[in-house]
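Structure below; questions to follow.
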Amino acid sequence: MVFIGGYMSELHNQRMKRREKLRKIKELGFDPFPTKWNYDYLPHEVHERYSSLDRGSLSERDIRCRVVGRIIAKRGHGKLIFIDVSSGKDKLQFFIRKNNLSAKEQALLKLLDIGDFIGAEGKVIRTKTGELSLEVFSLVIISKSLRPLPEKWHGLADVETRYRQRYIDILVSNEVRQIFDTRYKILFAIRSFLNDKGFIEVETPMLHTLATGAAAKPFVTHHNALDIDLYLRIAPELFLKRLVVGGFDKVYEIGRNFRNEGVSTKHNPEFTMLELYWAYKDYEDIMDFTQEIIVHVLEKVIGQKTVKFADLEIDFSTPWNRVSLKDSLIEMGGLNRKEIDSVESAKRICERLGLEIPEDYSYGEVLVALFEELVADKLVNPTFITLYPVEVSPLAKRDPYKSGFAQRFELYIGGMEIANAFSELNDPLEQANRFKEQLAKKKEGFPLDADYLRALEIGLPPTGGLGIGIDRLTMVLTGQISIREVILFPLLKPKQEEDLADIDGLI
RNA sequence: GAGCCGCUAGCUCAACAGGUAGAGCAGCAGACUCUUAAUCUGCGGGUUCUGGGUUCGAGUCCCAGGCGGCUCACCA
């Protein structure tokens, strides 16, 4: 027994008891950590196969099999013992008559804890209450758990522990497990949809020599052998368009972007983006396509047209509303057209609202600031906001009819920006000028990518491009209001010292 | 980075106004041949996040720090 400062902590109490049991299990001649144990079914597979059979026919058919799984509950009842065993899906009850086991197995039974993995050979039955069960004739341990799990009823509620020790969270919470299952299905549905449409999935570098493709602070790292600084990518955009130059007419990439910015319920420093490029299409085609993709995902994964999100209900019924940024300020922001006709009047609105903006903000930048203040939160049902100011869209093509605005849209759902897309700027001379303007403004995130300009000179066809934030899409589809609920291991400050103190006796 | 809130047994939570830190689950010992949040009897388990301070006395009040949650700002 281990004593700390005169006390034996409860943690040590329960952990030491389990280590003691481990030792006794070995003494009995069991290997508590065998390489494997051949089985016929996982617990949920027994349900899948035999749930249609009633008590009598199960008894008659005498189905013998071997089942493995993890103990999630134990109910002793004298010479009868009920053990719930799970492999993450439906649990199966092991029905054990002590008298059916050898003395050695009975000794093992006493040493089993919740969390242990076991294997059993037995007969599929229904108990008197009708529950499908395995009546156990022989029993082995296949992995020992040396720490107590959270309480069976309330589970793990401490948010910090849930994120830091996600292995426990997904082990004890079906709801949490479900979210990540859904996330996988969303990705699967997107991929199969795009693949069916003839898109190819590519992988471009995550280590960049220039942090381009978006306006964000990058993470910096260093390559020792080449002795150069590198940036974790903030966006794959320019690489993907190089591929369109090279003749990949329909490409996409799903992968991690890294942005060295604040953390919030809508932001994680690393997040997953779908970026897609489609040659010979423009932003309106991409708008149709975006709606198609998400509706497809909704049908395949969610199966209904509405989703609860916080205290709101999101209605995905099509067609989704399309409104220009400027019109949205009038229709949803409560402003009149005259108020946003010029920089001066628009800035006066900001003043009136108490919205602080930099002195040198351009007309377009003020419009975007007003949009974010007055409109964005209100866009609960999917809404396309179109025609963004050129100066905030350095990689997008100008709209030929709306001077000062680019052929760009953002998709808002649940008050969040979910997608961003445009007709790609493919005029190398104008692109060079836009880069120069960005540099002149000393905006971070737009170092001049000369090779990209060279690629444009080779020739980019008219192309529509799209980015969808997968984490946020998962949020709105699973009704989660914090991005950390849809990321398995969200970034938290480390607690290394506490962790080391907590594993004493192991190393 | 700023503001507000939180941190008590392995887990979920109590502790009125500053006055002996409790319960359920989990654990241990025992009873029980159809339970399923099993039940019943008994027992063990606490540096109340950390460090200072006020006080006869601090989980509770004050100060500093740590971590987390929410809101705001940068950003998708």
Under 4.0 Å between any heavy atoms, over every strand shown, what does A:N268 touch: base, sugar-phosphate, or nothing? Just pick one. base
### Distance, C1' atom - from B:G53 to B:U12, rounded to whole angstrom
33 Å
Among the nucleotides B:G45, B:U36, B:G69, whichever has the atom closest to the side chain of A:R484 is B:G69
- Message: A side-chain contact here means heavy atoms from C-beta on lying under 4.5 Å apart; do A:E175 and A:I179 qualify?
- Response: no
inquiry  = Any base atoms under 4.0 Å from A:G467, or only sugar-phosphate, or nothing? Heavy atoms, all strands.
reply    = nothing
Per atom distances to the A:T127 side chain, the nearest of B:A26, B:C13, B:U36 is B:U36
Closest of B:U35, B:A26, B:U33 to the A:N99 side chain is B:U33
Quiz item: Does a nitrogen or oxygen in the side chain of A:K79 sit under 4.0 Å from OP1 or OP2 of B:C32?
Solution: no
Query raised in the report: Across the strands shown, which category fits A:R164 at heavy-atom distances under 4.0 angstrom: base, sugar-phosphate, nothing?
Result: sugar-phosphate
If only atom types and distance count, is the side chain of A:E485 paired as donor or acceptor with the main-chain N or O of A:S482 below 3.5 Å? no
Of B:C34, B:A37, B:U36, the nucleotide closest to the side chain of A:H77 is B:C34
Residues at least two apart in sequence or cross-chain that pass ring-ring contact (aromatic ring centres under 6.0 Å, His included) with A:F371, listed by chain then number, are A:Y412
_Within the 4.5 Å heavy-atom criterion, are A:L156 and A:V176 side-chain neighbours or not?_
no
Atom OH of A:Y167 and atom C1' of B:G10 are separated, to the nearest Å, by 13 Å
Here the distance between atom P of B:A26 and atom CG of A:L156, to the nearest Å, is 17 Å
>> Is it the case that the base of B:A26 and the side chain of A:E151 share a donor-acceptor contact (distance under 3.5 Å, atom types as modelled)?
In response: no
Between CZ of A:F82 and P of B:U36 the distance, given in whole Å, is 9 Å
A:M16 CE to B:G45 P, in whole Å, measures 17 Å
Sorted by chain and residue number, the ring-ring contact (aromatic ring centres under 6.0 Å, His included) partners of A:Y452 (sequence neighbours excluded) come out as none
- prompt: Say you pick atom C1' in B:G24 and the same atom in B:C61; how far apart are they, in whole Å?
  reply: 31 Å
**Report entry** Side-chain donor/acceptor of A:R18 to backbone N/O of A:S145, under 3.5 Å
**Finding:** yes
Between A:K21 and B:C28, is there a contact of a side-chain N or O with OP1 or OP2 at under 4.0 Å? yes
Taken in chain and number order and not counting sequence neighbours, the residues that satisfy ring-ring contact (aromatic ring centres under 6.0 Å, His included) with A:F95 are A:F82
A:I114 CD1 to B:C28 C1', in whole Å, measures 14 Å
Practice problem: Quick one: label A:K110 by what it contacts on the DNA or RNA (base, sugar-phosphate, nothing), any heavy atom closer than 4.0 Å. | Solution: sugar-phosphate
A:R147 side chain N/O closer than 4.0 Å to the phosphate oxygens (OP1, OP2) of B:G10?
no
Residue set satisfying side chain to side chain donor-acceptor pair (under 3.5 Å) with A:T383, at least two apart, ordered chain then number -> none
### Task
May I ask you to say whether A:D471 pairs ionically with A:K266, meaning some side-chain N is under 4.0 Å from a carboxylate O?
no
Rounded to whole Å, CZ of A:R162 lies from P of B:C11 at a distance of 15 Å
Side chain to side chain donor-acceptor pair (under 3.5 Å) filter on A:N381, not counting sequence neighbours, yields none
_Donor-acceptor pair present, A:T265 side chain and B:U71 base, under 3.5 Å_ = no
Open item on the list: Using a 4.0 Å heavy-atom cut-off, does A:Y163 contact any base of the nucleic acid, only the sugar-phosphate backbone, or nothing at all?
Closed with: sugar-phosphate
- Task: Tell me whether the OP1 or OP2 atom of B:C67 has a side-chain N or O from A:K493 closer than 4.0 Å.
- Result: yes
Decide yes or no, distance alone: a donor-acceptor N/O pair under 3.5 angstrom between the base of B:U35 and the side-chain of A:E131.
no
Worksheet entry | A:R75 side-chain N/O to B:A38 phosphate OP1/OP2 under 4.0 Å | yes
On RNA chain B, more 5' by nearest nucleotide between A:D158 and A:Q93 is A:D158
From CZ of A:F95 across to P of B:U33 the rounded distance in Å is 12 Å
Margin query: Say we look at B:A21 and B:U60: how far apart would their P atoms be, to the nearest angstrom?
Written below: 13 Å
To the nearest angstrom, the CG-P distance between A:L149 and B:A9 comes to 18 Å
| request: Give A:G262 one of three labels, base, sugar-phosphate or nothing, depending on what nucleic acid heavy atoms sit under 4.0 Å from its own. | output: base
Practice prompt. Look at the side-chain N and O atoms of A:H154 and state whether any lies under 4.0 Å from the OP1 or OP2 oxygen of B:C11.
Written response: no
Exercise. What nucleic acid atoms does A:T161 come within less than 4.0 Å of, heavy atoms only: base, sugar-phosphate, or nothing?
Worked result: nothing
If one requires at least 3 consecutive Watson-Crick or G-U pairs with distances under 3.5 Å, the stems of RNA chain B turn out to be B:1-7 with B:66-72, B:10-13 with B:22-25, B:27-31 with B:39-43, B:49-53 with B:61-65
Per atom distances to the A:K495 side chain, the nearest of B:C74, B:C13, B:C67 is B:C67
